[in-house]
Undergrad: 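Can you read through this structure? Questions will come right after.
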Amino acid sequence: MTRDPRYDILFEPVKIGPVTARNRFYQVPHCNGMGYRDVSALAAMRATKAAGGWAVVATEMVEIHHTADVSPFVEGRLWSDQDIPAHARVAAAIKEKGALAAIELCHSGYTAVNLWSREVPLSPSARPAASFFQDPVQARAMDLSDIRTLRAAHRAAALRAKRAGYDLIYVYAGHGLGIFQQFLSRATNQRSDDYGGSLANRARLLREVIEDTKDAVGDRCAVPVRIAMHEFAGAEGLSPAEVEDAIGLMAELPDLWDLSLSGWSMDSQTSRFAEEGFQEPYIKGVKRLTTRPVVGVGRYTSPDAMVRVIRQGIMDMIGAARPSIADPYLPKKIEDGRLDDIRECIGCNICVTHDFSSTPLRCTQNPSMGEEWRRGWHPELIRPKEADGHILVVGAGPAGLEAARALGQRGYTVSLADRAQEAGGRVARECRLPGLAAWGRVKDWRLGQIAKLPHVSLYLDSAMTAENSAEVGADHIVLATGASWRRDGVGRHHSRPLTIADGALVLTPDDVMAGSLPAAGPVTLFDDDHYYLGGVLAELLVKKGLAVRLVTPSSLVSFFTRQSLEQARIQKRLLELGVEVIANTAVTAIAPDHVTLACVFTGRERLLETAATLLVTARTPNDALAAPLRAAGLAVSVIGDAFGPATIAAAVHAGRRLAEDFGRPKDPLSLPFRRETTGLDPAPV
Ligand code: ADP
Ligand code: SF4
């Protein structure tokens, strides 16, 4: 197939200073939890994007100096020449696949707590360091000699980046994480010298560093600037009007303007809170200020939307982090006219959560993400079957769908059975909840792919028992039968069932998603799961007209969503909807007309009137078929939530892993992936 001429504009080359991008697809810098530790895995991940057609492939933020140490997070590092070989590997891997390699040099100012290097954090003005863990550390105000050192450090890092082989070398003023933004903003710069006060003064350091970088590497490398268009930080914070004025002061100085929002939670908004293209209102004024190419982001996965923003003069290149994670081959699929093969990002931010946990990036939609080198997985390819085989997959949720799809891609005959009337399992149910519609893409993409595989048959409305499963005559049975929410309150807080009196109305998320709602409130929702579901169900119940109290042993609603950048928005939404949040508290007993609550610190109890209690605590695997099938001598695997209830991403990964490993000998003692270990320094201990 060939591409639709409507999309030709996306494949025009773009000149960026001394280099030329082959098309308009630009993978903007993004974190990945691999950084300086998992270099080969990182290089392979970036190279996969280059092979998928992105014209520019950028690193994550790369610390330029030991005062820019963002430990415990694992980002890129370029503190000294020792780091050049790692970067040379990344840059070479990208360039070998035909893309330009970009590096985002970064000094994080007061957000670099320097826990590893033990330096005192730096800031335009003295203030507490800002960190995820609220470390008890203050940053000191930089004096003029610190500023000179910072400029020299940036220059040295740029020269190292050039030696490593990068084509674009960034100056970073974004996300509140770039020190040049911290100087630019009145909210964080209270200096009274030449670097504070007027906009020109606050922009001085950014301007100087752009000039330094151009001077150091501009002969061969392009110098993009990544800048935050809005800080959402009140009257003092940067807003588009002021940032546009700042850009106006140096409009032609960099080779490209890369626009984003600050902080990261505003930039990488989830689909629960923002639509594709949500940044357009903030960035649309920049192109009239400069002749340099402008890049913007906004979770674009639709080629029509991409064409529109270019034709409307909003941007010149389509920036993407998450869409390139969910589908590293997105540009190639548009180029080849295979639009229905695009694996669209669902905007869930599971990818982001792994930067916070400093573990390799993963993705709900793309289970090969982060596994390209570790396990040799590819987003588009899989090795053909070694021998014929017929596999019965029971359960068409994310695990079963992915297992069936990938086994089918390998060439196996697959029967995929689900007792439900529609495929998708938990995804089909959850995508009907408020704000989660885009999650349906997990099933839609897989069903679309399965429809193209002649040897994969989907049987809905097919409840499988041990007997009828055995009768299928498959060589192997995969149980992807999911998990059910517990009705007894056992979870993180309670390891034993709660006391539930006869006549008490107790519901689980499965009940609510099946449409079983209490006739009247108030409803006590006990959220001991701490991810999105408790908050989403509270929202649903309020929208159904019921009064809701959300009780959680945590200090915050949906605590884990701090790591998907959503927590503050979720709490705000629930409070605005009138949900009463009762934090640091557990439900300890349930009666027909009240629950007993206990403070998690003091144990102090109180009673709360309730009409119904919704328990969002833990799930029990639905694996009852495994034992009788095994007893009958059949080969059985249990995967996904039926094996270990976890995220949708984990279920999709489990499906892929089953298919990848199928036919390979199993050795539970051998490491199932490659890893890189640190080369030992020759200096004696
Ligand atoms: P996962 O996240 O692991 O994919 P889900 O709960 O999303 O799990 O999906 C499990 C699917 O398995 C559901 O669609 C459910 O209808 C189906 N299922 C469970 N037990 C059976 C069974 N005995 N026969 C057929 N389908 C089943
Ligand atoms: Fe998109 Fe979710 Fe994948 Fe991140 S993890 S790229 S948000 S689908």
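Every heavy atom of this structure was used, including side-chain atoms; hydrogens, water molecules and symmetry mates were not. Atoms within a ligand are numbered from 1 in the order they appear, just like the ligands themselves.
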Undergrad: A quick test of your reading: do over 12 heavy atoms of other residues, nucleotides or ligands sit less than 6.0 Å from CZ of R675?
TA: no

Undergrad: Among all protein heavy atoms in this structure, tell me which lies nearest to atom 9 (O) of ligand 1, with the distance rounded to 0.1 Å.
TA: G397 CA, 3.5 Å

Undergrad: Is the side chain of S469 donor-acceptor paired with the backbone N or O of M464 at a distance under 3.5 Å, no angle test?
TA: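 Flag not set: sc S469 to bb M464 has no pair under 3.5 Å.
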
Undergrad: Would you find a donor on one side and an acceptor on the other, under 3.5 Å apart, between the side chain of S268 and the backbone of S265?
TA: no

Undergrad: To the nearest 0.5 Å, what is the distance between CG (L10) and CE (M306)?
TA: 7.0 Å

Undergrad: Salt bridge check: are R432 and E422 linked by an N-O gap of less than 4.0 Å?
TA: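 So R432 pairs with E422 through a salt bridge.
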
Undergrad: For ligand 1, which is the ligand I care about here, please tell me if A396 has any N or O atom under 3.5 Å from one of the ligand's N or O atoms.
TA: no

Undergrad: In ligand 1, which numbered atoms sit nearer than 4.0 Å to a non-hydrogen atom of A463?
TA: 24 (N)

Undergrad: Which of these, K333, K452, R446, sits in a salt bridge (Lys or Arg N to Asp or Glu O under 4.0 Å) with D341?
TA: K452

Undergrad: Verify the distance criterion only: is there a donor paired with an acceptor across the side chains of D258 and Y170 at less than 3.5 Å?
TA: yes

Undergrad: Just by distance, do the side chain of T561 and the backbone of S564 share a donor-acceptor pair under 3.5 Å?
TA: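 Looks like no, no N/O pair under 3.5 Å.
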
Undergrad: Considering non-hydrogen atoms of the protein only, which is the closest contact for atom 24 (N) of ligand 1, and what is the distance?
TA: M464 N, 2.9 Å

Undergrad: Would you mind checking which non-hydrogen protein atom is closest to atom 25 (C) of ligand 1, with the distance to 0.1 Å?
TA: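 Answer for atom 25 (C) of ligand 1: R419 N, 3.2 Å.
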
Undergrad: If you take the nearest heavy atom of each of I639, N468, T481, D461, which one is closest to atom 21 (C) of ligand 1?
TA: T481

Undergrad: Indicate yes or no for a side-chain donor-acceptor contact from T508 to the backbone of R487 under 3.5 Å, with no hydrogens or angles considered.
TA: no

Undergrad: Do you see a donor-acceptor pair shorter than 3.5 Å between the side chains of E372 and T48?
TA: no

Undergrad: How would you list, by chain and number, every residue that makes a side-chain contact (heavy atoms from CB on, under 4.5 Å) with V74, sequence neighbours excluded?
TA: Y36, R37, S358

Undergrad: Show the atoms of ligand 1 that are less than 4.0 angstrom away from any heavy atom in G640.
TA: 3 (O)

Undergrad: With a 3.5 Å distance limit and no angle check, can you tell me whether N32 reaches the backbone of G35 through a side-chain donor-acceptor pair?
TA: yes

Undergrad: Counting each atom of ligand 1 from 1 as listed, which ones have a heavy atom of G395 under 4.0 Å away?
TA: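 Reading through ligand 1 atom by atom, the close ones are 11 (C), 12 (O), 17 (C).
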
Undergrad: Considering L401, D641, L479, which one's heavy-atom position lies nearest to atom 2 (O) of ligand 1?
TA: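 It is D641 whose heavy atom sits nearest to atom 2 (O) of ligand 1.
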
Undergrad: When you measure from atom 10 (C) of ligand 1 to every protein heavy atom, which one gives the shortest distance, and what is it?
TA: A480 O, 3.3 Å

Undergrad: Excluding waters, which protein N, O or S atoms are within less than 2.8 Å of atom 1 (Fe) of ligand 2?
TA: C345 SG

Undergrad: Specify the protein heavy atom at minimum distance from atom 7 (O) of ligand 1: its residue, its atom name, and the distance to 0.1 Å.
TA: R426 N, 2.7 Å

Undergrad: Tell me the contacting part of S462 for ligand 1: side chain, backbone, both, or neither, using a 4.0 Å heavy-atom threshold, strictly below.
TA: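 S462 to ligand 1: backbone contact only, side chain stays beyond 4.0 Å.
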
Undergrad: Do we get R441 above W445's six-membered ring, with its NZ or CZ under 6.0 Å from the centre and within 45° of the axis?
TA: no

Undergrad: Are the side chain of E430 and the backbone N or O of V427 linked by a donor-acceptor pair below 3.5 Å?
TA: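 Flag not set: sc E430 to bb V427 has no pair under 3.5 Å.
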
Undergrad: Can you tell me which residue and heavy atom of the protein come closest to atom 15 (C) of ligand 1, and the distance to 0.1 Å?
TA: D418 OD1, 3.5 Å

Undergrad: Could you say whether the N/O atoms of V427 and ligand 1 ever approach to under 3.5 Å?
TA: no

Undergrad: Taking 4.0 Å as the limit for heavy-atom contacts, which would you say applies to N622 with ligand 1: side chain only, backbone only, both, or neither?
TA: neither

Undergrad: Cationic tip of R299 within the cone over F278's six-membered ring, i.e. under 6.0 Å and within 45° of the normal?
TA: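 The answer is no; the distance or angle limit is not met.
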
Undergrad: Would you say G424 and ligand 1 have an N/O pair spaced under 3.5 Å apart?
TA: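 There is no such contact.
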
Undergrad: Any idea which protein heavy atom is nearest atom 4 (O) of ligand 1, and the distance to it?
TA: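 Ranking protein heavy atoms by distance from atom 4 (O) of ligand 1, first comes A399 N, 2.8 Å.
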
Undergrad: Of all the non-hydrogen atoms in the protein, which one sits nearest to atom 8 (O) of ligand 1, and at what distance?
TA: G482 CA, 3.2 Å

Undergrad: Which atoms of ligand 1 sit under 4.0 Å from any heavy atom of G425?
TA: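 Per the distance check, 7 (O), 9 (O), 13 (C), 14 (O).
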
